[in-house]
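Taking it in order: structure first as structure tokens, then the write-up.
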Amino acid sequence: MRLSLYPINTVKETPSEAEVISHQLMLRAGLIRRLAAGIYTWLPMGLRALRKVENIIREEMDRAGALEVLMPAVQPAELWQESGRWEQYGPELLRLKDRHDRSFVIGPTHEEVITDLARRELKSYKQLPANFYQVQTKFRDEIRPRFGVMRGREFIMKDAYSFHADQDSLSEGYAQMRTAYSRMFERMQLNFRPVRADTGSIGGNASEEFQVLADSGEDAIAVSDGDDFAANLELAVALPPATPRAAPSAEQATVATPGARTIAEVAALLQVSPAQCIKTLIVDGDDGEVVALLLRGDHELNTVKAQKLPGIANPLQLASPERVLAATGAQPGYIGPVGLTCRIVADHAALAVADFVCGANQRDAHLTGVNWGRDLPEATAADLRNVVDGDPSPSGVGQLRIVRGIEVGHIFQLGRKYSQALKAEVLDQGGKPVTMFMGCYGIGVTRVVAAAIEQNHDERGIIWPDPLAPYQVLIITMNHSRSEAVRNAADALYASLGEAGIEVLYDDRDARPGVKFTDAELLGIPHCLVVGDRGLAAGTLEYRHRRSGGNEEIPADGVVDFLRSRFTR
RNA sequence: CGGGGCAUGGCGCAGUCUGGUAGCGCAUCUGGUUUGGGACCAGAGGGUCGCAGGUUCAAAUCCUGCUGCCCCGACCA
């Protein structure tokens, strides 16, 4: 591809709408353009990168034995009514009517369609297991699309669905997909982690997210620095402290703390660390009563964990101030566990504090020197908090670090939720109908491109990993219009690299060197060859490596072999 | 959906408070000089100032309504 024939310009100014780096660079480098909120056109340069991602995914899906299909984006409402999601899905599901007033949806996902296909086509256990996938445009009417293509409303997803006669086969298929996913992201040279995830409302036995690590990521994940353990923050287990609680050394006392309601205020006023305080949260129980949840002052409640406790309302709901007053005799800010009559559940860490500070259950007062067992009964222990940096890893090896990630893939075992709703059955060996087990495996293809940039850039622009680069090599000419020798040499080089099967972008514009170098860095093509009169005289070319910034003179003969030795794929 | 903000040429912005008929940088086009890190000179084109009403002799500017977009929050197989 000759840049002189490429009509789309790069841009110096950062468009004001772009907040994250990948979005800024994608606009500036001319990979995408916005059409409406969360809806983007992929320009040629961006599309080539997108195709690279798609093709790696296809190759690995095929290798894992999956079969590509293409399902419709527009789906009849009846299928969604049959699965129950017509009611459940909410406004994120884009609904529309055709001219006959029949209801349709623009598919945000394809469980219904694929399950419908499976129940029509799959009749016998002998046809199982089967795995169908597609690379296709989805639409989800996100509340707040943002970060460009990272969280768009329309996006391209690879979604795969596997069908099995029993749970064992599903587990096996799931494991295969897990392997395939790891291979894909490794081939893309992304720094990623498979992360244990909450199965959420969908249920099922196992679920993992594939997270590309990046500071701008929307998800917090806990990773061990000692092994490959990684879990979504919602799910990461906080182990009970290894050291036993210290013996009481202070007497319980009531102190006046007028106006101090938060842990930070109380700790500052009393000159203690937040870790010496215990905070008490009153939430609704599932029986009309309230429950007190206790956390160490420096810890945060993990709502997913709390919600799973028996006796707690789901979804988790903080009790109203009136109910708090009725249950404790005090207002939020001055509540403590001493003397409470409601059920009390304490985080392991909260139970490990001696001589702690807590609310006194009366206005403008707190208690100090409080001790479990002596001043109040030992409470029920549970894991209630978010893990924090430095917590021991649940895997038993290493400490946890909290990092941020971009969820690019999600695999999970659906079980029979959809196959039951849509009656997708096959006959087993005994000729009896059995409901199929399903697995579901997604990758946000468009999001992967943004994530790759998020992880691979510098202040000058994109640094494509070799396998994702729109082009492998960029040729830049110096003095293009004036030097016939340069032009001829570069044309010949362009032709020969092309013949060698290398994907080449050729900057043959009549532009100043600075313009070309700056664009080269913005576009991020990994390998660059500079053709100029200087080198031609000596029979050399200048080779530049985008990532390392390296710069070397190489013999013009044997460029192809030289480049191949530098490709990292 | 709640809170905040923005809307002026392709992009980034000024002008709005204090009404007087639109400007800067980048980009684009023409000619010339330049050419190994975003050149310079001269010239040119391009905007019903988001839309609709209203006030006024006069509205980008004041008032009302609407629309779109951005940010924060709630939400997110």
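Numbered from 1 within each chain, the chains take letters A, B, ... in sequence-line order. Everything quoted here is computed from the prediction, not taken from an experiment.
The side chain of A/F517 approaches B/rG36 more closely than any other nucleotide in the set B/rG12, B/rG36, B/rG38. Nearest to the side-chain atoms of A/R28 among the listed nucleotides B/rC11, B/rG38, B/rA74 stands B/rG38. In the set B/rC71, B/rG36, B/rU35, B/rG36 carries the atom at the smallest distance from any side-chain atom of A/M478. Of the candidates B/rC70, B/rG37, B/rC1, the closest approach to any side-chain atom of A/P513 belongs to B/rG37. Listed nucleotides: B/rG37, B/rC70, B/rC71. Nearest to the side chain of A/R144: B/rC71. With B/rA74, B/rU35, B/rG37 as the choices, the nucleotide that has an atom nearest any side-chain atom of A/R460 turns out to be B/rG37. Side-chain proximity of A/R544 to the nucleotides B/rG37, B/rG38, B/rC76 is greatest for B/rG37. The side chain of A/R146 has B/rC71 as its nearest neighbour among B/rG38, B/rC71, B/rG37. Of the candidates B/rC1, B/rG12, B/rG38, B/rG12 carries the atom nearest the A/E13 side chain, counting heavy atoms from C-beta on. When distances run from any side-chain atom of A/E19 to the nucleotides B/rC72, B/rC76, B/rG38, the shortest one goes to B/rC72.
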Checklist entry - Checking side chain to side chain contact (heavy atoms under 4.5 Å, CB included) for the pair A/D219/A/Q211: CA distance, chi angles, key distance, verdict? => result CA-CA 9 Å; A/D219 298 327; A/Q211 295 270 0; 3.1 Å; yes
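Partner of A/E68 under the side-chain hydrogen bond (donor to acceptor under 3.5 Å, both in side chains) criterion, out of A/Q134, A/R58, A/K158: A/R58 alone. When each of A/Y494, A/Y471, A/Y6 is paired with A/Y506, the ring-ring contact (aromatic ring centres under 6.0 Å, His included) condition holds for A/Y494 and for no other.
Nearest-nucleotide mapping onto RNA chain B: of A/I143 and A/D533, the residue sitting toward the 5' end is A/D533. Of the two residues near RNA chain B, A/I443 and A/G38, the one whose nearest nucleotide lies more 5' is A/G38.
Within the shown strands, nothing qualifies as a pairing partner of B/rU18 under the Watson-Crick or G-U definition with both distances less than 3.5 Å. The pairing partner recorded for B/rG46 is none, the criterion being a Watson-Crick or G-U wobble arrangement whose two distances lie under 3.5 angstrom. Searching all strands for a Watson-Crick or G-U wobble partner of B/rC24 with both distances below 3.5 Å returns B/rG12.
Surrounding CG of A/N551 are more than 12 heavy atoms belonging to other residues, nucleotides or ligands, all under 6.0 Å away.
A/E92 places its CD atom 15 Å from the P atom of B/rC1, with the value rounded to the nearest Å. To the nearest angstrom, P of B/rG37 lies 12 Å from CD of A/E521. Rounded to an integer number of Å, the gap from CG of A/L474 to C1' of B/rG37 is 14 Å. For the pair A/D510 CG and B/rG32 P, the computed distance is 13 Å after rounding to whole Å. Counting to the nearest Å, the C1' atom of B/rU33 and the CZ atom of A/R512 are 11 Å from each other.
Taking atom P on both nucleotides, B/rC6 is separated from B/rC63 by 13 Å, rounded to a whole Å. Remark: the separation of the C1' atoms in B/rC26 and B/rC66 is 33 Å, to the nearest Å. Comparing the C1' positions of B/rU34 and B/rC24 gives a spacing of 26 Å, expressed to the nearest Å. Spacing of P atoms, B/rG31 relative to B/rU48, comes out at 28 Å, to the nearest Å. The P atoms of B/rG4 and B/rG47 are separated by 36 Å, rounded to the nearest whole Å. Comparing B/rC29 with B/rG46, their P atoms are spaced 16 Å from each other, to the whole Å. For the P atom pair drawn from B/rC17 and B/rC11, the interatomic distance equals 26 Å after rounding to whole Å. With P as the reference atom, B/rG37 and B/rC51 are 46 Å apart, rounded to whole Å.
As judged by a 4.0 angstrom heavy-atom cut-off over every strand, A/E112 is placed among residues making no nucleic acid contact. Using a 4.0 Å heavy-atom criterion, one finds that A/T109 contacts the bases of the nucleic acid, with or without backbone contacts as well. The residue A/R34 sits close only to the backbone: its heavy atoms come under 4.0 Å of sugar-phosphate atoms, none of a base. Among the heavy atoms of the strands lying under 4.0 Å from A/E542 is at least one base atom, whether or not backbone atoms are also near. Within 4.0 Å of A/N9, counting heavy atoms only, lies no atom of the nucleic acid at all.
Look at A/K12 and you won't find any side-chain N or O under 4.0 angstrom from OP1 or OP2 of B/rC11. Residue A/S16 places at least one side-chain N or O under 4.0 Å from the OP1 or OP2 atom of B/rC13.
Interatomic distance, CG of A/L529 versus OG1 of A/T477, reported as 12.0 Å (0.5 Å rounding).
Figure legend: A/R95 and A/W86 shown as a cation-pi pair, the cationic atom lying under 6.0 angstrom from the six-membered ring centre and within 45 degrees of its axis. With a 6.0 Å cutoff to the six-membered ring centre and a 45° limit on the axis angle, A/R193 does not count as a cation-pi contact of A/F185. A cation-pi arrangement is not found for A/R153 relative to A/F139, the charged atom failing to lie both closer than 6.0 Å to the ring centre and inside a 45° cone about the ring normal.
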